[in-house]
Amino acid sequence: MAQPIRASEAGPSDLTPTPAIYTADRRGFFIAAVGLALLAAHSGAPSPLFPLYAEQWGLTPLAISTVFAAYILGLITTLLTAGGLSDHIGRRPVAMAALFVAAASMAVLALADGFGDLVAARVLQGVASGLGFGTLGAALLDYSPAWKHARVAMINGALPPASLGLGALLSGVLVEFSSHPFQVPYIVVFIPLLLACAAAAFLKEKHPRRAGMLRSLVPALMIPREVRDRFFTAVGALCASWALVGLYLGIGPNVSKTLLNIASPSLGALAIFALTGTGALTGLLSFRIKSEKVMATGAVALILGVAAIAAAVAMESTWIFFAASIIGGIGFGAGFQGGLRSVLELLPARQRGGTLSSVYLVSYLAFGIPTLVAGLLIPNFGLQNVVYGYAALVVTLSLVALALLIGSRAKRIRLEAAAASSR
C-alpha cells in the first residue's frame, strides 16, 4: 500500500462541504437505493449454492473458502484503488460500471462449469461491490437535503444488510424448488441489475468534477480529518459485526448442513436472513439513539450471539442456532449502524464516496480474512473446532470495540474538563 492513509490532503477547499446545487432528487435517490440493494443482494446469491458446488465438483472446504475469498480480493482491491473515483468523475459513470459488472458476474455464475469460473465470477462480484457500495451510498446523501442526512445514514446502514440476506434467501428458495438450481438464482438477479444499470444513466451529478482522479487511484484509505477520531473508534464495532457475517456467508452453509443437519438450502439461507434482516431492523429502531451507545449495545449482543452459536453447534440444535442468529443480528446491526452513523455525521460532502469506501474496506477485511483462514484450518482441526475459534475471534473483536468506545469517552471527558477549567 503506497499510502496507509489519505486524510484530506487536497487542502481546505476540499474540506468544505459543497454548496447544494440541486434540490432533493427523489428519482435519483430511488435509483441509487435500488442499485445499492441489488448490489448487496447479488453478493449474497451464491452462498446457498456453496455446498452444492462442493458436491457437484468435489470441492474441498479450502476450495470453497477460496471462492469466497476471491470476492473479498476483488472488492478490497477495488476499494483501495477506485473507492473514491466517483468523488472525482461523478456518481453516474461509476454506478453504471458497478451495476454492469455485477450483471456480468451473474452471467458467469449461471454458465459456470468448474472452480475457475466460480473464482472469476466472485472476483467480478467483488469489483462491482467495491465500485458500487461507496458510490451509491454517497449518491443517497447527494440526492437528499442536508436535514435528512441522519436518516439517510440509517438507510445506508440498513439497506445493504437486509438486501444481502434477501439475496441469499431468494437464492436458497430457488435452489431448492427450481429445476435448474445452478442457473435460475443468477438469472433472476441478472435482469434487474441490467435494468438498474440503464436507469443509472439518468442520475444527475450533484457537484462539479474534481481534479486528482489519477492520484485517487493510488491504493489508500481516505479518512478526512473531521472524522478520523470517530473512524478509528468505530473500527472495532465494524470489524466485529462483519466478522460474524463472514461466518454466516462463508462457512455458514456448511455449518448448517454438516453440524446442524439442515438439509434444506432455503432453511439454511433463512438463518442468514435472520442475521442480516434483524441487523437491518436494529438499525432502523436505533436511529434516534446516540451512535456510541448503539455500538456498545452491538458489541455486547455480538458476544451473546456467538456464545449461543457455539452452544447450538455443541448441542446440534437448530432452534438455538436461529435464536443465536437473531441475537447476533442485533449485534451486527447495532455495531455496523452505529459505526457508520458516527462517521457520516461529520463527513465532508466532497469525500463521501472515498470515505464510505474506507468504511466498507475495513468491514470487508474483517468479513473475508477470517473466512479464508477458517477454510485453511478446517482440514486439520475440523469444522466444529473452527466454529468455536471463529466465535472466540468475534468475542475478542467485540471486547476491542468496547475498549475503544470506553477510551473515546474518557478522552472526551478529559477534553471537556480541560476546556471548562480554562474558561
Side-chain angles (χ1 to χ4, degrees), residues 6 14 18 22 25 27-43 71 74-105 124-144 149 152-153 155-161 163-164 192-210 212-217 219-224 340 343-344 347-364:
R6 183 187 297 121
D14 279 343
T18 306
Y22 302 98
D25 183 347
R27 184 179 68 176
F29 186 92
F30 177 77
I31 292 172
V34 171
L36 184 61
L38 285 172
L39 276 181
H42 107 288
S43 67
Y71 170 76
L75 184 143
I76 289 173
T77 302
T78 305
L79 287 175
L80 279 172
T81 55
L85 188 60
S86 72
D87 290 333
H88 296 271
I89 68 172
R91 313 295 184 210
R92 181 171 58 244
V94 181
M96 290 179 65
L99 292 165
F100 180 80
V101 174
S105 73
L124 287 176
Q125 283 192 293
V127 171
S129 298
L131 286 173
F133 281 153
T135 298
L136 291 167
L140 292 180
L141 292 166
D142 290 348
Y143 299 134
S144 59
H149 281 181
V152 175
I155 295 173
N156 257 315
L159 186 58
S163 303
L164 181 71
L193 281 169
L194 278 186
L195 294 174
C197 180
F202 298 95
L203 291 175
K204 296 178 181 178
E205 300 297 350
K206 300 293 283 187
H207 55 75
R209 294 187 177 188
R210 291 170 53 198
M213 180 191 73
L214 293 179
R215 187 175 63 178
S216 75
L217 299 177
L221 285 176
M222 178 178 285
I223 309 174
L340 186 63
V343 173
L344 291 184
L347 183 59
R350 286 193 172 191
Q351 295 172 318
R352 286 171 179 161
T355 307
L356 273 172
S357 293
S358 295
V359 170
Y360 280 111
L361 172 65
V362 169
S363 300
Y364 274 90

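Only heavy atoms go into these numbers, but all of them, side chains included; no hydrogens, no water, no symmetry mates.
Nearest heavy atom pair, residue Gly90 against residue Glu205, reads CA-OE1, 3.3 Å. Between Leu140 and Ala33, the closest heavy-atom pair is CD2-N, 3.6 Å. Of all heavy-atom pairs spanning Ala200 and Met96, the tightest one is CB-CG, 3.6 Å. The two atoms that bring Val152 and Ser144 nearest to each other are CG2-OG, 3.3 Å, heavy atoms only.
Residues Ser163 and Leu38 form no side-chain contact, since every pair of their non-hydrogen atoms from C-beta on lies 4.5 Å or further apart.
Taking Ala102 as the reference, Leu39, His42, Ala128, Leu193 meet the side-chain contact (heavy atoms from CB on, under 4.5 Å) condition, with sequence neighbours excluded. For the side-chain contact (heavy atoms from CB on, under 4.5 Å) test, residues two or more places apart in sequence or in another chain that qualify with Leu195 are Ile191. Residues forming a side chain to side chain donor-acceptor pair (under 3.5 Å) with Ser129 (at least two apart in sequence, or on another chain): Tyr71.
Between the CG atom in Leu136 and the CG atom in Asp142 there is a gap of 10.5 Å [rounded to 0.5 Å]. To the nearest 0.5 Å, the span separating CZ on Arg92 from NZ on Lys204 amounts to 11.0 Å. Expressed to the nearest 0.5 Å, how far CZ of Phe29 lies from CD1 of Ile155 amounts to 4.0 Å. The OH atom of Tyr143 lies 8.0 Å from the CD1 atom of Ile31; values are rounded to the nearest 0.5 Å. The structure places OH of Tyr364 at 4.0 Å from CZ of Phe133, a figure rounded to the nearest 0.5 Å.
A donor-acceptor pair shorter than 3.5 Å cannot be found between the side chains of Arg91 and Thr135.
Checked against Leu131 for a side-chain contact (heavy atoms from CB on, under 4.5 Å), the options Leu99, Val94, Leu79 give a single hit: Val94.
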